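Order of the sequence lines sets the chain letters (A, B, ...), proteins ahead of strands, with each chain counted from 1. Everything numeric in this text was worked out from a predicted model, so none of it was measured.
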There are 2 protein chains.
Amino acid sequence: MSAPVRLLLADDEHLIRGALAALLALEEDLVVVAEAATGPEALAMARAHRPDVAVLDLQMPGADGVKVATALRSELPECRVLVVTSHGQPGHLKRALAAGVRGFVPKTVSARRLAEIIRTVHAGNRYVDPELAADAISAGDSPLTAREAEVLDLASDGAPVTEIAERAGLSPGTVRNYLSSAVSKLGAENRHTAARTARERGWV
Amino acid sequence: MSAPVRLLLADDEHLIRGALAALLALEEDLVVVAEAATGPEALAMARAHRPDVAVLDLQMPGADGVKVATALRSELPECRVLVVTSHGQPGHLKRALAAGVRGFVPKTVSARRLAEIIRTVHAGNRYVDPELAADAISAGDSPLTAREAEVLDLASDGAPVTEIAERAGLSPGTVRNYLSSAVSKLGAENRHTAARTARERGWV
DNA sequence: TCCCGCCCCTGACATTTGTCATACGAGCCG
DNA sequence: CGGCTCGTATGACAAATGTCAGGGGCGGGA
């Protein structure tokens, strides 16, 4: 038998992380060499322990899984990254893939299945949960231009147009135009629903 | 030694649920007698197995932990309920306590700690995570009247006033009045931010 | 080269909001 | 009973927003 796969586990929920570590430890060919509760901690641990596969939660304080993956890609290219997510939005999938993530799975999979996927990823293959992939494909590509997306993003926390304009360095009229076209492209009722659907689809 | 504590575990994330079951099984006085992935399933399992303590995730498809807790309270009053949450909002805490939940903890606790808390709850005591409790206390009581809260809730998905008025069976002018007073009470910029802060504080 | 799409802006308009004053009935407390 | 708050409603006005119709400038592809 070859050397075991060395894992880094990063999740902010202690309960989950510990439980996961325990379950994965049952697999003979897997060994958890490091754990982290935050994005920066995950990076530090990765540098220190150089795992074969990093299993990252998407939502972590400090820096999310995708950010960590991006950093890892340049610092430790030989370390494969597998992202695990609670309630997966397709938008994150796209971002994750762009960041060089090799696997993307929801937490609804079983531990046994996760172990298999870890092996798959370690072998150099990719794995994306079929359901999440379908969602991402059905969401399609963003019809929004860069500016429209930016403005919509700034609008998503309910700020008034003047503030958006200021933050984007645009004239208020321009902002309204972008918002208007974004809303019509998304078939939304108003900018708030537009912002939400754009976020759901991963277009912002 | 007395009989072991019989547990129901409900969480939609298979990974977590399985891992949790495995960890809790390590404790000699705890035994997981049922697992569920959705709210309704949790209820059915509880009816069938009559556990001593139900450990419920706050977020589940079908019916959330609080809804399940409410149902359990009337159907199986002798079953203690412990709610576990990923990223706890104080609002849910208040709702949960009102529903007769005996314990409320974030998933950042360790498995060992969780086991202790399960024992505490089983003994008839209450346990609320200190940090979450502090948040809830600092959030205070809702300054909103029932109608204001209702209207704000309907407004939270970005619907226009006319639609809110229709859905609430009110005149549009009245809706605007309520919205206006709610916004000023919450010190918000507009109804959207007001709706969000109200939701964060658990006032809707 | 010319055209087209995107970016940025302006101005004008209709509609939707937020805000205020005011009103009336119901229920509650002193 | 007399005030009080709450729910409900109007009407009016100001401000914000959504929608159109333009018009430059710039870069990339036919």
Side-chain angles (χ1 to χ4, degrees), chain A residues 91 94-95 98 139-204, chain B residues 91 94-95 98 139-204:
Chain A
K94 211 167 298 179
R95 276 177 53 224
D141 266 353
S142 174
L144 303 174
T145 68
R147 278 306 200 179
E148 284 164 356
E150 180 189 353
V151 171
L152 200 52
D153 186 29
L154 289 172
S156 64
D157 57 346
V161 170
T162 57
E163 192 183 319
I164 301 172
E166 205 177 320
R167 287 211 266 166
L170 292 174
S171 117
T174 309
V175 169
R176 289 198 305 195
N177 285 342
Y178 284 152
L179 245 22
S180 189
S181 74
V183 166
S184 79
K185 278 179 182 176
L186 298 182
E189 295 282 313
N190 52 48
R191 56 158 124 177
H192 302 287
T193 59
R196 204 176 37 214
T197 64
R199 198 170 289 285
E200 278 168 14
R201 309 257 240 273
W203 292 342
V204 292
Chain B
K94 212 168 297 180
R95 275 177 54 225
D141 266 350
S142 173
L144 303 175
T145 68
R147 281 303 202 179
E148 283 166 357
E150 181 190 352
V151 171
L152 200 52
D153 186 30
L154 289 172
S156 65
D157 57 347
V161 170
T162 58
E163 192 183 319
I164 300 172
E166 205 177 320
R167 287 211 266 166
L170 291 175
S171 116
T174 308
V175 170
R176 286 195 298 178
N177 285 341
Y178 286 152
L179 247 22
S180 188
S181 74
V183 165
S184 79
K185 279 178 181 175
L186 298 180
E189 293 283 313
N190 53 48
R191 56 159 125 176
H192 303 287
T193 58
R196 205 176 35 218
T197 62
R199 198 171 288 285
E200 278 169 13
R201 309 256 240 272
W203 293 341
V204 291

Chemist: Heavy atoms only, 4.0 Å cut-off, all strands: where does A:R176 land among base, sugar-phosphate and nothing?
Modeler: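 Answer is base: heavy atoms of A:R176 come under 4.0 Å of a base.
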Chemist: Rounded to whole Å, please give me the gap between CD in A:E163 and P in D:dA16.
Modeler: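 The distance from CD of A:E163 to P of D:dA16 comes to 12 Å, rounded to the nearest Å.
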Chemist: Using a 4.0 Å heavy-atom cut-off, write out nucleotides 21-30 of chain D from 5' to 3' as B (base contacted by protein), S (sugar-phosphate only) or - (no contact).
Modeler: B---------
Chemist: Side-chain contact, heavy-atom cut-off 4.5 Å: B:E189 with B:V183?
Modeler: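 Not in contact.
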Chemist: Would you name the heavy atoms of A:P172 and A:V161 that are closest together and state the gap between them?
Modeler: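 Shortest heavy-atom separation between A:P172 and A:V161 comes out as O-CG1, 3.7 Å.
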Chemist: Return the minimal non-hydrogen interatomic distance between B:H192 and A:G158, and the atom names on each side.
Modeler: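 Scanning both residues, the minimum pair turns out to be CB-CA, 4.4 Å.
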Chemist: Take the protein atom CD of B:E189 and the nucleotide atom C1' of C:dT17, then report the distance between them rounded to whole Å.
Modeler: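 Distance, rounded to whole Å: 14 Å.
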Chemist: Does a side-chain N or O from A:S171 land closer than 4.0 Å to OP1 or OP2 of C:dT10, or not?
Modeler: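 Affirmative; the distance criterion is met.
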Chemist: Could you check which of C:dC8, D:dT10, D:dG7 has an atom nearest any side-chain atom of B:A146?
Modeler: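 Output: D:dG7.
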Chemist: For the side chain of B:T174, counting heavy atoms from C-beta on, which of D:dT17, C:dC9, D:dT8 is nearest?
Modeler: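 Of the options given, the side chain of B:T174 lies nearest D:dT8.
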Chemist: By the side chain to side chain donor-acceptor pair (under 3.5 Å) test, which pairs, at least two apart or in different chains, include something from residues 172-185 of chain B?
Modeler: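 Every side chain to side chain donor-acceptor pair (under 3.5 Å) pair that includes a residue of residues 172-185 of chain B, provided the two are not neighbours, is B:E148-B:S181, B:E148-B:K185, B:S171-B:T174.
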Chemist: For the pair made of CG in A:L170 and P in C:dT10, what is the distance, rounded to whole Å?
Modeler: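 It works out to 11 Å between those atoms.
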Chemist: Regarding A:T145, tell me which of base, sugar-phosphate or nothing describes its non-hydrogen contacts under 4.0 Å with the strands shown.
Modeler: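 Sugar-phosphate contact only.
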Chemist: For A:R191 and C:dT16, give me the distance from atom CZ to atom C1', rounded to whole Å.
Modeler: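 A:R191 atom CZ is separated from C:dT16 atom C1' by 11 Å.
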Chemist: Between B:Y178 and D:dC6, is there a side-chain N or O to OP1/OP2 distance below 4.0 Å?
Modeler: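 B:Y178 to D:dC6 OP1/OP2: no side-chain N or O under 4.0 Å.
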Chemist: Give the rounded distance in Å between these two atoms: CG of B:N190 and C1' of C:dT19.
Modeler: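 Distance, rounded to whole Å: 14 Å.
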Chemist: At their closest point, which heavy atom of A:A149 faces which heavy atom of A:W203, and how far apart are they?
Modeler: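 Smallest interatomic distance, heavy atoms only, reads CB-O, 3.9 Å.
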Chemist: What heavy-atom pair brings A:R191 and A:P160 nearest, and what distance separates the two atoms?
Modeler: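 Heavy atoms of A:R191 and A:P160 come nearest at NH1-C, 4.5 Å.
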Chemist: For DNA chain D, whose closest nucleotide is more 5', that of A:S180 or that of B:R147?
Modeler: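 It is B:R147 whose nearest nucleotide is closer to the 5' end.
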Chemist: Whole angstrom is fine here: how far is it from CG in B:L179 over to P in D:dA16?
Modeler: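 Rounded to the whole Å, the gap is 17 Å.
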Chemist: Which of these passes side chain to side chain contact (heavy atoms under 4.5 Å, CB included) with B:L154: B:L179, B:V175, B:I164?
Modeler: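 So the option named by the test is B:I164.
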Chemist: Rounding to an integer number of Å, can you tell me how far A:L152 CG sits from D:dG18 C1'?
Modeler: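 So the CG-C1' distance, A:L152 to D:dG18, works out to 14 Å.
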